[in-house]
Amino acid sequence: MVKEFNGFNLVAHNCLINANVDWGNVSEARRLFDEMPERNEVSWTVLISGLLRCGRVDEAMWYFGRNPFQNVFLWTATISGLVHNGLSYEAMGVFVKMLASGVAPNDVTFTSVVRACGDLGDFGLGKSVLVLIVKFGFEDKLSVSNSLVSFNLKLGNIDLARRIFNRMEERDVVSWTAILDMYVDTGDLIEARRIFDEMPERNEISWSVMISRYSQGGYSKEAVSLFHEMIQCGFIPNTSCYSSVISALASLKALQEGKNIHGHVLKIGMDRDIFIFCSLVDLYCKSGNTKDGRLVFDSILEKNVVCWNSMVTGYSLNGQLAEAKELFNQIPNKNNISWNSLITGYIETENFDRAFETFNEMILSGEQSNKSTFSSVLKACASLVSLEKGEYMHAKVVKLGFQNDVFMGTALVDMYAKTGHIESSRKVFNGMLIKNEIAWTAMIQGLAENGFAEESLSLFEEMERTSTITPNDLILLSVFFACSHCGLVDKGLFYFNSMEKVYGIKPSERHYTSVVDMLSRAGRISEAEMFITDMPFEPEVNAWAALLSGCKTYGNEKLAEKIAKKLSELAETKSGGYVLLSNIYASSGRWLDVSNIRKMMQEKGVKKSRGCSWIEVRNRIHLFLSQDDSHAQSSEIGEVLKLLNSEMVIL
DNA sequence: GTAGGGTTAG
C-alpha cells in the first residue's frame, strides 16, 4: 500500500532524492527533502548518506542531529559515510553513541567500524571491537571476517591475518584479493602471482591489484602484459587498471600505446577521472613531450595537487626549469612532493645553488622535508663535493630519525665517498641495517674511486659470500677499475669472462674500455691491442686513449703513432675526440699540433666544455671557469697567485 | 547502509 499525500508519493520522493544525489545534484536533493510535508526513516537515510557520499559532511551531520528516527540503517550509513570521508575518529564517536542509544549494530556496521579502526591504526581499539563482534555473533560473517583480515594486514599483523583467512569457512573474491594484496605488500610478487593464478574467482579489482602492484614495483612490462591478458579474458578494466597501465607505459616511454589508451579512455567516457589524467600527464612528459602533457594538464577541470606535481615533474625531467618553477609557484596547496620535484629538477640540470636555495625556502615555508628530499639534496652535496653541506644534512637526517633508511644510508655513503671521506663512508655503510644492491654499489664504487682498490675488491667478495645480491654492471665496472689499479689483471679478466656466463650481464662499451685500461696499465700492450680490435662494437674514444697512454708508458712508439692517427680520424665524428686528441698532444709537448686542433675546433664550431673547479669557503661555493675571471675577487686572487709563484723554489 | 584497487618526488 503506497502512502499518498498532496498528490505526492513518499516512496517515489525518496527515490527522487537518491537519484539527484547520484547525478551530483545535491542541492536539488536537499530542496526536495526540505519541502517534503512528511518524511520516513528512509528519507533521512537517503539524504544523509547522499550528502556524505558527496563529501558534504557538515550538512549531513546537521541533518543527523535532527533525525527523529532510531534504526540501524541510519546509524550504519552515517558511520560508513564518515569513514569514507576520512573521519574515522568521528565515526567511532557515532558508533559509541549508537551503542548507548540501544540500537544493536549489525554485520554491515561492524565492517565499517573495523575499517575505521584500521584507518586509525589502533590495534587495541580493533581488539575491543572484536569482543563486540563476538558478543553480537558476527564473527563468522564473511564480510566481517574480510574486514578483519584487511584490518590486520593494514596494521602489519600478517600472521594473524593469515590465520583468520585460513580459518574462514567461506571465502569470496574480496577475501582472496585481500590475501593477494598481502603477498604484494611483502614484496613477494612471485607468490602474489601464484595466488592470483590460483584464485577460484577473479573480478576487475583482483586484476587491478595485481596490475597496479606490478606497475608500482617497477615491473612495467608485466603490468602491461597482464592488462592485455585481462582484456583477452573478457574483463572490463576499471579506472584503476587504466591509470596503472598508463603509468607503466609512461615508465616504458611507450608513447604510441599510451596514446591508443588515451583515445580509448576518451571514447568510453572515462574523461573525468583524475587518476587517469595524472598518469597521462606523466606519460607524455616521460616520453619527452611536455607540450602534450601540458595540454592534458590544462584540460583537467578539477586539478588536485598530484596532477600539479606530475606537470612540475614533467618539466623538471625535461630540463625546462623555468616552466617548472613558474608552474610550481601557481600550485594552490603545495605538498612536500611538489618541493621535491622542483629540487630534483634543479639537481638534474646541475643547478645546485638553486637546489639548495629551494631547499631552504622549503624549510622556511614550514613544509616537512622527507627522506626523498634528503636523498636528493645529499646527491647535490656529493656532486658539489661539499662536505660541509653534506655533514649538515647528515645531522638533519639523524635528527629526523631517518638514519636507518636504506635510501638515506646509500646517499650518505655516496656523499662521503664523493667528498673523499671514505672512513665516514665506511662507518655509515657498516651501520646500515639493510643493505640493498644500490648500497653495495655505492660502497664498492666509492672505495675503488678513492684508490682503495684492495678494500673494494674484498668488499665485493664479501658481498658475494654473505648476501644474495648478484653484481650489477656498475659494481663490475668498479671491480675492473680496482683490479686495474692494483695490477690484478688476471683477476679482472676472470670477472670479465664471468660477466655474461655467471652474472648474465652483457658487457657494455665502458666495460670493454675498462679492460683495455687494465691491460695497458699492466704493460700487456699486444693483448690490449688484440682485445680492442676484437670488440663486438666500435670502441669508445677512451679505449683508444687508454691504449695510447699504455704505449707511451711502455715505449711502444710505433703503435702510439698508429693510434694517434686513428684518434684524429675519430675526432672528425666523435665530439669528445678533438679534446682528447689535443690533450694527448699537449701531454707529449706537441704544442703546434695542439694549437692546430684548437683552431680546427673553433672553425667547426665544436664546443669544448670548459675546465672548471671550485672550493668551499664558509659554506659558500666559489666557482672558477677556465678563461673566465667573473669571480668577484678574481683580481685579488690573481695577485696572491703571482706572489705565491714568485715565492716558489724550483728544486 | 559493507569489506578489496588507483595518480606525483628519491
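Chain naming here is simple, since letters A, B, ... match the order of the sequence lines and numbering starts at 1 in each. Heavy-atom basis, side chains included; hydrogens, waters and symmetry copies ignored.
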From the list dT7(B), dA9(B), dT2(B), which nucleotide is the closest neighbour of the side chain of Val108(A)?
dT2(B)

The side chain of His84(A) is closest to which nucleotide in this list: dG4(B), dT7(B), dT2(B)?
dT2(B)

Base dG4(B) to side chain Asn203(A), donor-acceptor N/O within 3.5 Å cut-off
yes

Give Gln216(A) one of three labels, base, sugar-phosphate or nothing, depending on what nucleic acid heavy atoms sit under 4.0 Å from its own.
sugar-phosphate

Would you tell me if any nitrogen or oxygen in the side chain of Ser244(A) comes within less than 4.0 Å of OP1 or OP2 on dG6(B)?
no

What's the closest nucleotide to the Lys371(A) side chain, out of dG10(B), dT2(B), dG1(B)?
dG10(B)

Could you check whether Lys396(A) makes a cation-pi contact with Phe374(A), meaning its NZ or CZ is under 6.0 Å from the centre of the six-membered ring and within 45° of the ring axis?
no

Whole angstrom is fine here: how far is it from CD1 in Ile274(A) over to P in dG5(B)?
20 Å

What is the nucleic acid contact for Asn336(A), judged by heavy atoms within less than 4.0 Å: base, sugar-phosphate only, or nothing?
nothing

Over-ring placement of Lys141(A) relative to Phe110(A), 6.0 Å and 45° cut-offs:
no

Looking only at the side chain of Ala77(A) (C-beta and beyond, no hydrogens), which of the listed nucleotides dT7(B), dA9(B), dG1(B) gets closest?
dG1(B)

Looking for any heavy atom pair under 4.0 Å, which part of the strands does Thr239(A) touch: base, sugar-phosphate only, or nothing?
base

Would you kindly check whether a donor in the side chain of Asp273(A) faces an acceptor in the base of dG6(B), or vice versa, at under 3.5 angstrom?
yes

Would you mind checking if Lys259(A) and Asp292(A) are paired as a salt bridge, meaning a charged N to carboxylate O distance below 4.0 Å?
no

Looking at every strand, decide which applies to Val173(A) at a 4.0 Å heavy-atom threshold: base, sugar-phosphate, or nothing.
base

Looking at dT8(B), dG6(B), dG4(B), which one has an atom nearest to any side-chain atom of Asp181(A)?
dG4(B)

Distance in angstrom units between Asn67(A) CG and dG1(B) P, rounded:
16 Å

Tell me, please, whether Phe196(A) has Arg202(A) positioned over its six-membered ring: NZ or CZ under 6.0 Å from the ring centre and within 45 degrees of its axis?
yes

Between P on dT7(B) and CG on Asp271(A), what's the gap in Å once rounded to a whole number?
20 Å

Derivation of the side-chain contact (heavy atoms from CB on, under 4.5 Å) call for Asp119(A) and Lys154(A)
CA-CA 8 Å; Asp119(A) 287 349; Lys154(A) 195 167 207 169; 2.6 Å; yes

To the nearest Å, how far apart are Leu280(A) CG and dT8(B) C1'?
14 Å

Which nucleotide in the list dG5(B), dT2(B), dG4(B) gets nearest to the side chain of Arg213(A)?
dG5(B)

Could you check whether Lys154(A) gets within reach of a base, just the sugar-phosphate, or nothing at all, counting any heavy atom under 4.0 Å?
nothing

Using heavy atoms and a sub-4.0 Å distance, could you list which residues of residues 125-145 of chain A are near DNA chain B? By number, please.
Ser143(A)

Would you say the rings of Trp44(A) and Phe64(A) are close, in the sense that their centroids are separated by under 6.0 Å?
no

Side chain of Phe73(A) - closest among dA9(B), dG1(B), dG10(B):
dG1(B)

Choosing from dT2(B), dG4(B), dA9(B), which nucleotide comes nearest the side chain of Ser341(A)?
dA9(B)

Nearest-Å distance, CD1 (Ile300(A)) to C1' (dT8(B))?
11 Å

Given atom NZ of Lys286(A) and atom C1' of dT7(B), what is their separation to the nearest angstrom?
10 Å

Hey, does the side chain of Ser376(A) come within less than 4.0 Å of dA9(B)'s phosphate (OP1/OP2), counting only N and O?
no

Should Glu59(A) and Arg30(A) count as an ion pair when the cut-off is N to O under 4.0 Å?
yes

Using a 4.0 Å heavy-atom cut-off, does Val209(A) contact any base of the nucleic acid, only the sugar-phosphate backbone, or nothing at all?
sugar-phosphate

Does some side-chain heavy atom of Thr344(A) sit less than 4.5 Å from a side-chain heavy atom of Ser372(A)?
no

At under 4.0 Å between heavy atoms, what does Asp107(A) touch on the DNA or RNA strands: base, sugar-phosphate, or nothing?
nothing

Has the side chain of Ser386(A) got a donor or acceptor atom that lies under 3.5 Å from a matching backbone atom of Ala382(A)?
no

Rounded to whole angstroms, how far apart are CG on Asn333(A) and C1' on dT8(B)?
13 Å

Is there a donor and acceptor pair closer than 3.5 Å between the side chain of Thr111(A) and the base of dA3(B)?
no

Which whole-number value in Å describes the distance from Ile211(A) CD1 to dG6(B) P?
12 Å

